[in-house]
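Have a look at the structure below, then the notes.
Note that this is a predicted model, so its numbers are computed, not measured. Hydrogens, waters and symmetry mates play no part in the numbers below; they use all other heavy atoms, side chains included. Proteins get letters first, then strands, A, B, ... in listed order; numbering begins at 1 in each.
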2 protein chains.
Amino acid sequence: MEMKECSVEFHANCPSRLLLDQIADKWSMMILAVLADGPLRFNAIKRGLEGITQKALTQTLRKLERNGIVARHVIATSPVAVEYEITDLGRSLLGPFKALYMWTRENMPEVEAARAAFDARMEETT
Amino acid sequence: MEMKECSVEFHANCPSRLLLDQIADKWSMMILAVLADGPLRFNAIKRGLEGITQKALTQTLRKLERNGIVARHVIATSPVAVEYEITDLGRSLLGPFKALYMWTRENMPEVEAARAAFDARMEETT
DNA sequence: CAGAATCCAAACCGATACTG
DNA sequence: CAGTATCGGTTTGGATTCTG
């Protein structure tokens, strides 16, 4: 019997890895969900995401814009209005994201049970 | 015409949000992919993930174990062997993860183009 | 082999103040 | 309104050393 090694490998420079780092963060998924129904202005997005700071929102929007997932439109009124809109590319991401979201909803109870069991085991060793 | 607000809202204590924070991190997805074909020992996993440190691997495995996504089996040989195996719960996550992974592979070119365009625009304003 | 412990630097994070 | 700039504080992350 030979040694077991993994058949899949992930290299440090694997392009999908670099991209995953970009999109699989705390806020990106939620921002996209919020923009799914139509373009929104900066503060409207902010109001939809309880707990996000202005700084985090700005940074995440910039990153999404750079990756072509949202588009930023400046409307030259006074004071200026800025609208963020999901792009076609971003829209194509909604499917995968939704699958992940549905998984969390469906499997939450089982995860909670696992956590409780794990924490109980930790307790008893203490 | 009424003000546009978002119809979806994410609350800070939304359970799916808490779970998403746990599973959508840099290494979890890749560890799961590596374990998909069968159980592996600690250092075999490590060899499959170029760039991961022992500390990061330990931490991520603990988290996955706590959430019931992988199982840890200690084999009392000398020196000890420890095998990590994906659980049924973890296996059910592979689908959503794979969808995300496929998306990155398919849309990488478009993302790169968007980045180049964005960075070029930044240059010209400087 | 599979970690735990420690140390230090770097990245992040929220709060605050300021601006066109 | 939609940001930028700045500043501590905390968290993270790597490198190293040690152990059953």
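- To the nearest angstrom, P of C/dC1 lies 15 Å from CD of B/E83.
- Regarding contacts with the backbone of D/dA2, a side-chain N or O of A/R41 is found under 4.0 angstrom from either OP1 or OP2.
- Atom NZ in B/K63 sits roughly 14 Å away from atom C1' in D/dT11 (whole-Å rounding).
- Close to C/dA2, at under 4.0 Å from its OP1 or OP2, lies no side-chain N or O of B/R62.
- Look at CD on A/Q54: it is 12 Å from P on D/dC1, rounded to the nearest Å.
- Atom CD in A/E5 sits roughly 11 Å away from atom P in C/dC1 (whole-Å rounding).
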Stepwise side chain to side chain contact (heavy atoms under 4.5 Å, CB included) test for A/R72 and A/L61 | CA-CA 9 Å; A/R72 180 175 182 270; A/L61 283 172; over 6 Å; no
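- OP1 or OP2 of C/dG3 lies within a sub-4.0 Å distance of a side-chain N or O belonging to B/Y84.
- Residue B/R72 places at least one side-chain N or O closer than 4.0 Å to OP1 or OP2 of C/dG3.
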Would B/I86 and B/L64 count as a side chain to side chain contact (heavy atoms under 4.5 Å, CB included) if you check the C-alpha gap in whole Å, the side-chain angles of each, and the deciding distance to 0.1 Å?
-> CA-CA 9 Å; B/I86 191 169; B/L64 292 173; over 6 Å; no
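- Following rounding to the nearest Å, A/I45 (CD1) and D/dC1 (P) show an atom-to-atom distance of 14 Å.
- Taking 4.5 Å as the limit, every side-chain heavy atom of B/M29 sits out of range of all side-chain heavy atoms of B/L32.
- For the helix from C/dC1-D/dG20 to C/dG20-D/dC1, the end axes, each set by the C1' atoms of five terminal pairs, are bent relative to each other by 50° (nearest 10°).
- The neighbour count for A/R62 CZ, taken as heavy atoms of other residues, nucleotides or ligands under 6.0 Å away, is above 12.
- No more than 12 heavy atoms of other residues, nucleotides or ligands sit less than 6.0 Å from atom NZ of B/K98.
- In this structure, B/H73 atom NE2 and C/dA2 atom P are separated by 14 Å, rounded to whole Å.
- Ring planes of A/F10 and B/Y101: perpendicular class, angle over 60° (limits at 30 and 60°).
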Pairs under 3.5 angstrom, nitrogen or oxygen only, protein versus nucleotides 12-15 of chain D, please.
| residue | atom | partner | partner atom | Å |
| --- | --- | --- | --- | --- |
| D/dG14 | OP2 | B/T53 | OG1 | 3.3 |
| D/dG14 | O6 | B/K55 | NZ | 2.2 |

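- The side-chain heavy atoms of A/N107 and B/L93, taken from C-beta on, include no pair separated by under 4.5 Å.
- Between A/N67 and the choices B/R115, B/E110, B/E112, the side chain to side chain donor-acceptor pair (under 3.5 Å) rule is met once, by B/R115.
- Scanning for salt bridge (charged side-chain N to carboxylate O under 4.0 Å, His left out) contacts around B/D88 gives an empty result, with sequence neighbours left out.
- Put simply, CD on A/E50 is 14 Å from P on C/dG14, counting in whole angstrom units.
- Nucleotide D/dC1 holds its P atom 14 Å from the CG atom of A/L40, rounded to whole Å.
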